[in-house]
Each structure stands twice: as structure tokens, then as C-alpha cells.
Number of protein chains: 2
Amino acid sequence: MQSRHSAPRTGRPRSAAADAAILAATRAALVELGWSKLTLGDVATRAGVAKTTLYRRWAGKNELVVDAVAALFDELELPDRGSLAADIEGVVLQFAAILARPEAKSGLMAVLAESTRDDALRERIRASIVDRQKRLVLEGRVRAQARGELPPEENPESAARTADLIFDVVAGAVVHRTLVSAEPVDLTWAHAFTQVLLLGLAGAANQA
Amino acid sequence: MQSRHSAPRTGRPRSAAADAAILAATRAALVELGWSKLTLGDVATRAGVAKTTLYRRWAGKNELVVDAVAALFDELELPDRGSLAADIEGVVLQFAAILARPEAKSGLMAVLAESTRDDALRERIRASIVDRQKRLVLEGRVRAQARGELPPEENPESAARTADLIFDVVAGAVVHRTLVSAEPVDLTWAHAFTQVLLLGLAGAANQA
DNA sequence: ACCTTTCGCTACGAGTCGTAGCGTAACTGT
DNA sequence: ACAGTTACGCTACGACTCGTAGCGAAAGGT
């Protein structure tokens, strides 16, 4: 991430191990303490680095937690289960499994809350977390079109709007179920949800 | 809320005006500062009360913000627009209008984040905010059944599961659209969303 | 009048924040 | 090998917030 400005070629390089240790320590602190009681000094101690090192790399708590949580979403990928319905179910379960982890819950929601007052933070979240999920929606559609389960899109503009709608519905429902309702996203729920979504989209396409 | 233990009949009564001033000051502080930079001392100053008064009534920042945000959801009600689809659209737009306010965004998300590590807080949120929304789903179904738009439920258990699913999808999608995608819930979106939801539910009911 | 509870105010130790300064460590180009 | 450059660990610091305690005064009930 910080290689946006090509790294300086001279001087002592930043320790990649320290980066990993800090992010791991941040996640551990999120699990034990939650967002509000997490202190940067504590994270530094857990990671075995000096507090100043932490401040040299991240501007503050928000940015640090975004990076720590973003790593959790690296494992997200679109499984090929043979049908569009099964693919969606797989993604829902995968996403839910990540959200079930306490560090993901408390960390992600807290930075989202802060992002309402900080556009730069929202952009960081979008780039490192949200877009990674959105990509799955687009890939899933392409794959379903290749299978012949979906017609090729006629109007690219309305296709983009539909993709956005799907994304908000899927991610929103899973997050709400996990976080607000505090009930598990199990096979039963994922199946019922997927069915409603697919039939709704099919019906809307027929009516249009 | 604090009348759970019937108020003591003797001594100086608590000032109701102070309660209102504190909650209003909390919302104002949320707008200006956001969650993380909101301090109880600042809220007390804004409300014109002593900091100690604040601590006598609320255990901490979490509980205070929950009450302050909960008041925003008092205006939620189910409009009678003639059809199930129109009713749902109305609720979606109403809910979105509340969520669009900055104090609702930052406050609600922050306490939700904290509630992942505090069961008592989650219960408080559920009682004072979430259930008020959920009630609308149940009322909407009853009204639609009276209109003949929905069949009377056969299995009360599956009916409860369906209501939970609807609730998570509606609330989740609106929250995600507003907060994560950071795009407005306008008439176009609300209409498209409602159509997908209703057609999906109808299709799922036919297949069952 | 008397009792009870709340209120505003002040003061306090404890903890966190983010930064500065310093000497040392690690790596690069000549 | 050596000088230049950057990262690191450590310590110390003022500023701020936290949550609580103690006090006298205010506001109500009986």
C-alpha cells in the first residue's frame, strides 16, 4: 500500500516484519479490547515495536485499523460451484465467515462510523475492502452470462445500477444479520436469502 | 427509560429539561465532532449542565449516544399508501431520511461497533432502536394480509423467519447504500429495491 | 420546618495522545 | 571501507480526557 510513492532507494528499509507484527497486534487488540479501548501504545507493545514507529507509518487509529481489517478480506474469492445460485450462496457464506470474527466486526464497523466524517478514510476503506467485495459481484455476473444463466446486458448504464443494487443488498443483509440481529448466517439463511434475491432479479428483468 | 425503578417519591426530582438538553447537545456534538472526538465534558458544557450530572444519569458514552440517537427514530411510522409496494417504498425512504443525518450515521454505527463486545449495550440498542423498525415489517404484513395482497401465514415459525429475513434485507440494504456506498437512497433506488424484494418474496412463496 | 435527592462546582490521580530529541542500526552508492 | 541516508528504539514531555470524590446550595415532598 505504501509503495504508492516508489520506495526510496537509499537508507535503511522499513521492516516488513514490523508491519505484519503491528497489523497482527492490532487485530489481537481489537478482539480483546474492542475499538474504543484500543490504544496505539498497547498495540506497539504487543507488536514489540516502539510507539514512534507506529506513528511514522500510520496517521492514526483509523488508518491502522483499516489496514489491519483489510487483510482479513484477502481470502475472499469467487468459488465455482456450477450455478449462479450456488456461487452466490458461497460468497455469502464466505463473507459471513469473515464478518463473524470479532476483530472484523468491531474494527470494520468502527471505521465505517468514522468514515462518515472523513472522506479520505472512506476512500481508503473503499479501495482496500469494499472494492474487493464488489469485484465478486461483477465476476459472478460474467460467469453466469458465460453459462447462459443470464442474458448479456443491453444497457451498460442500467447494468451498472443493477450491480450496485445487488452489492448493497447482499453485503447489507449479511452485515445486518451478523451485526445488528446478531444471529448466524447459516446454510438455511444463506439459501433462503439467495432464493429471494435471484427470483427478485429475474422477476424485475421480466417486467422491464 | 430510567423509570424502570419507580421514581423515588421524595427529594428533588431530576430535571427533565436537562435530559432533553443533554441529548440534544450529544447529537450536536456528533454532527460536529463525530464519535471518537466526542467527549462527555464537551457535551456537558454544550448542554449547560455539570459533567457530574451527566455521569449520574448515564454509565458512559455508549449509553448516552444510544439514547440520543434513539430519539431520532421516534418519528418512524408506517404510512398507508394503498399498496404493499408503496408502503414498503415509504418506509425505505423514511428510514433513509433518518440515516442521512450525520448524527444518525456516526452515532448509530459507532454504538453498533461497540455492541459487538457488550451484550448489555446490544440489548439496549435492540430495545430502543431496532425493535421500532422491526415493528414496521410486522405491521406492514398484517396490513397487506387485510388488503388480500398476502395470504394468511400457515406456519407461524416460517413466518417469523421470513419477517426476520425481510428485516435484515431492508435495513441492511438501506444502511449499506447510505453508509458504505455513500450514495443517496432516492426514489429511483427505492423503487428498484422494493420491486426486487417483493418479486423475490412472491417467487419464493410460489416455489415453496 | 425537616428530610431527601439532585445540582453545580472544584479538584484530583490515572491514563492516553501525539511529538520531539537523541543515539544506534541497517542498507546504498562510490 | 566509508560516508550518506533513512528507520528504529527509547525517553520525556505538555495537553487533554476520564471518572470520581467532596462540598454547599437548590428544589421538591410531608
Side-chain angles (χ1 to χ4, degrees), chain A residues 1-26 29-30 32-65 67 110-111 114 117-118 120-121, chain B residues 1-26 29-30 32-65 67 110-111 114 117-118 120-121:
Chain A
M1 292 298 155
Q2 59 269 43
S3 63
R4 221 171 302 166
H5 322 285
S6 56
R9 43 174 58 77
T10 171
R12 175 178 178 173
R14 287 194 171 171
S15 159
D19 253 58
I22 290 171
L23 293 177
T26 303
L30 275 176
E32 287 181 32
L33 307 172
W35 163 267
S36 63
K37 293 185 179 175
L38 179 151
T39 70
L40 295 194
D42 183 47
V43 170
T45 304
R46 287 168 188 259
V49 302
K51 193 173 58 163
T52 44
T53 298
L54 224 156
Y55 277 102
R56 287 189 188 105
R57 305 193 184 193
W58 285 277
K61 200 162 143 176
N62 292 335
E63 291 76 8
L64 172 62
V65 171
D67 285 5
V111 294
E114 289 303 311
R117 302 202 38 78
D118 183 341
L121 183 62
Chain B
M1 290 303 152
Q2 58 270 42
S3 64
R4 221 170 305 167
H5 322 283
S6 57
R9 42 173 61 77
T10 173
R12 175 177 179 175
R14 284 194 172 172
S15 159
D19 253 57
I22 291 171
L23 293 177
T26 303
L30 274 175
E32 286 182 32
L33 309 171
W35 162 267
S36 62
K37 292 184 180 175
L38 179 150
T39 70
L40 295 195
D42 184 47
V43 170
T45 303
R46 286 168 189 260
V49 301
K51 192 174 58 164
T52 44
T53 298
L54 224 155
Y55 276 104
R56 288 188 190 105
R57 305 191 184 193
W58 285 277
K61 200 162 144 177
N62 292 335
E63 291 78 8
L64 173 62
V65 171
D67 286 6
V111 293
E114 290 301 312
R117 302 202 40 76
D118 183 341
L121 183 63

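The model shown is predicted, which means the values in this text are computed figures rather than measured ones. Proteins get letters first, then strands, A, B, ... in listed order; numbering begins at 1 in each.
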### Query
What heavy-atom pair brings A:Ala29 and A:Val43 nearest, and what distance separates the two atoms?
CB-CG2, 4.2 Å
### Sequence-aligned protein contact record of nucleotides 11-25 of chain D, with B where the base is within under 4.0 Å of a protein heavy atom and S where only the sugar-phosphate is
------SBBBB----
### Message
I need the minimum non-hydrogen distance between B:Asn62 and B:Val111, along with the two atoms involved.
### Response
O-CG1, 3.9 Å
### Query
Would you say A:Thr53 reaches D:dG9's phosphate, i.e. side-chain N/O to OP1/OP2 under 4.0 Å?
yes
### Query
Atom CG of A:Asp19 and atom C1' of D:dC8: how far apart are they, to the nearest Å?
13 Å
### Task
For residues B:Ser15 and B:Arg57, report the shortest heavy-atom separation together with the two atoms involved.
O-NH1, 3.2 Å
### Rounded distance in Å - CH2 (A:Trp58) to P (C:dG18)
15 Å
### Non-hydrogen side-chain atoms of B:Trp58 and B:Leu40 separated by less than 4.5 Å
no
### Message
Can you tell me how far apart CG (A:Leu54) and CD1 (A:Ile22) are? Round to the nearest 0.5 Å.
### Response
4.5 Å
Using atom types as modelled, flag every donor-acceptor pair under 3.5 Å from a side chain in residues 32-39 of chain B to any protein atom, sequence neighbours excluded.
{"residue": "B:Glu32", "atom": "OE1", "partner": "B:Arg46", "partner atom": "NH2", "Å": "3.2"}
{"residue": "B:Glu32", "atom": "OE2", "partner": "B:Arg46", "partner atom": "NH1", "Å": "3.4"}
{"residue": "B:Ser36", "atom": "OG", "partner": "A:Glu114", "partner atom": "OE1", "Å": "2.9"}
{"residue": "B:Ser36", "atom": "OG", "partner": "A:Glu114", "partner atom": "OE2", "Å": "3.4"}
{"residue": "B:Thr39", "atom": "OG1", "partner": "B:Asp42", "partner atom": "N", "Å": "3.2"}

### Query
Nearest-Å distance, CG (A:Leu54) to P (C:dC17)?
10 Å
